[in-house]
Asks: 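I'd like to ask you about the structure that follows.
Note that this is a predicted model, so its numbers are computed, not measured. Computation of the quantities below employed the complete heavy-atom set of this structure, encompassing side-chain atoms and omitting hydrogens, waters and symmetry-equivalent molecules.
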2 protein chains.
Amino acid sequence: MKEKLKEHIEKLIPLTDDEFSFVLSHFSFEKFKKNDFLIQKGKNVKNCYFIVSGLLKLVYEDKNGKQHIVSFAMEDWWESDFSAYFTKTKAKMSLQCIEDTIAFSISLKNYQKLSTELHKMERFFLKKSNSGHIASQNRILSFLTSNAKERYEQLLKQYPLLFQRVPKTLLASYLGVSRETLSRLSS
Amino acid sequence: MKEKLKEHIEKLIPLTDDEFSFVLSHFSFEKFKKNDFLIQKGKNVKNCYFIVSGLLKLVYEDKNGKQHIVSFAMEDWWESDFSAYFTKTKAKMSLQCIEDTIAFSISLKNYQKLSTELHKMERFFLKKSNSGHIASQNRILSFLTSNAKERYEQLLKQYPLLFQRVPKTLLASYLGVSRETLSRLSS
DNA sequence: TTATAATTGTGATGTTTGTCACGTGTGAAT
DNA sequence: ATTCACACGTGACAAACATCACAATTATAA
């Protein structure tokens, strides 16, 4: 488990063993069951999570109670309701397990402490944040340039495994189309 | 001009005068005319820009030659083709002036140097990147939860001034609808 | 000024997508 | 074994949106 986190960080920033021990001391290790909530809308967001294994959905519920999937979170991903996390406000979204999940969590206090005390980690978080931003921009682009069918095919290509792991309803919700339309696209 | 940048940074991170001088030495000051390109697709992306005044569009051109607006950039914004900038690859998007524009630019080398040598600035960039990520996620949410008319009204509410400054065609391209549909929404 | 291009609105029409409804199959729980 | 929730497909219809075409107005440049 520790190795997973270490290898992940070292893809961007090499760390000595002592440095990694220091890093690790800022995290907690947590296990969750299918359907558990890591973040619940309306509540405080204590942590940001690094997913070791499992699968989650970051979900926004609109005024009509309809659920929209902002993101799937899987192995090697960092996820949270970042807006609520960083500004210490109530969650606007929920983060819920689609499968049993193992994760490391870090509180905002520890995130800031770690950033300050180990410069390398601030650099790591910066790089991660930049790639998150770029990934979101690409998703925006897919909405601008592609119709439902094309977005569906892009998703298939990018995450072929996702297909067998999550119900089509959730894929539809991620793609921004109705369940029925997605069903007709597959045929 | 300098004051604009200083005030902007100090909204997040206080700086001494000496520190700000040091920061400033990493930037260049540039002026652009309407229709000028700051970034051109297919070319290298030398800089990230802080917009002092003016208005720009970050545009992606699809395989059919159709243009899609990923973002408008205006006063107090940071903009670039971040993916190409950070990975030193060719631009997939263009950044072009809609109006005459004044900006500070910073090269990747100086961005990294500044981050390393003045810890505060790495923290500043991290905060900026986080808010950029959050803003993009909100835009994704607007595609998931809202139809063209609602997205149009949200845009109006968020940037009322934009309306008089840019042709409707560009607004339509930002919203992901056709020019004609947008025109009919307004009435 | 004059010519030319860009911007905007609007009608007609077709495509895409959403919604409602129904049926079937599957798996989990009692 | 039976019940019940969930997942999935599909038909019928309505709504949203795109595309093509044309006209009028407003910049812009020669």
Asks: Among residues at least two apart in sequence or on other chains, which ones pass side-chain contact (heavy atoms from CB on, under 4.5 Å) with K31(B)?
Replies: F29(B), I102(B)
Asks: Just jot down the ring-ring contact (aromatic ring centres under 6.0 Å, His included) partners of Y159(B), sequence neighbours excluded, or say none.
Replies: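 ring-ring contact (aromatic ring centres under 6.0 Å, His included) check on Y159(B) returns nothing, list empty.
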Asks: With each end axis built from five pairs of C1' atoms, what bend angle do you get for the helix from dT1(C)-dA30(D) to dT30(C)-dA1(D)? Round to 10°.
Replies: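 Helix axis angle between the two ends: 50°.
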Asks: Judged by modelled atom types alone, do S71(B) and E79(B) share a side-chain donor-acceptor pair under 3.5 Å?
Replies: yes
Asks: Between H8(A) and W78(A), what is the ring plane arrangement, given parallel below 30°, perpendicular above 60°, and tilted in between?
Replies: tilted
Asks: Could you note down all residue pairs passing side chain to side chain donor-acceptor pair (under 3.5 Å) where residues 98-114 of chain A supplies at least one of them, sequence neighbours left out?
Replies: H26(A)-K113(A), E30(A)-S105(A), E99(A)-R165(A), K113(A)-E117(A)
Asks: Give me the ring orientation class for F82(B) and Y85(B): parallel if the planes are under 30° apart, tilted from 30 to 60°, perpendicular past 60°.
Replies: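 F82(B) and Y85(B): perpendicular rings.
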Asks: May I ask you to list the residues of residues 152-173 of chain B, by number, that have any heavy atom positioned under 4.0 Å from an atom of DNA chain C?
Replies: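 Contacting residues: P167(B), K168(B), T169(B).
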Asks: Grab the CG-P distance between N35(A) and dG27(C) for me, whole Å please.
Replies: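 In whole Å, dG27(C) P and N35(A) CG are 18 Å from each other.
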Asks: Ignoring hydrogens and angles, state whether a donor on the side chain of R139(A) or S136(B) is under 3.5 Å from an acceptor on the partner side chain.
Replies: no
Asks: What about the rings of Y49(A) and F104(A), do their centers lie closer together than 6.0 Å?
Replies: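 No; F104(A) has its ring centre 6.0 Å or more from that of Y49(A).
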Asks: In whole angstrom, give the distance that lies between atom CD of Q67(B) and atom C1' of dT7(C).
Replies: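 Value for this atom pair: 16 Å.
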Asks: I'd like to know if the side chain of T116(A) pairs up with that of E122(A) as donor and acceptor (distance under 3.5 Å, no hydrogens or angles considered).
Replies: no
Asks: Can you find a side-chain donor-acceptor pair between H68(B) and E61(B) that sits under 3.5 Å?
Replies: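 Note: H68(B) and E61(B) side chains miss the donor-acceptor criterion.
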Asks: Reading nucleotides 15-24 of chain D 5' to 3', which nucleotides get B (base under 4.0 Å from a protein heavy atom), which S (sugar-phosphate only), which -?
Replies: --SBBBB---
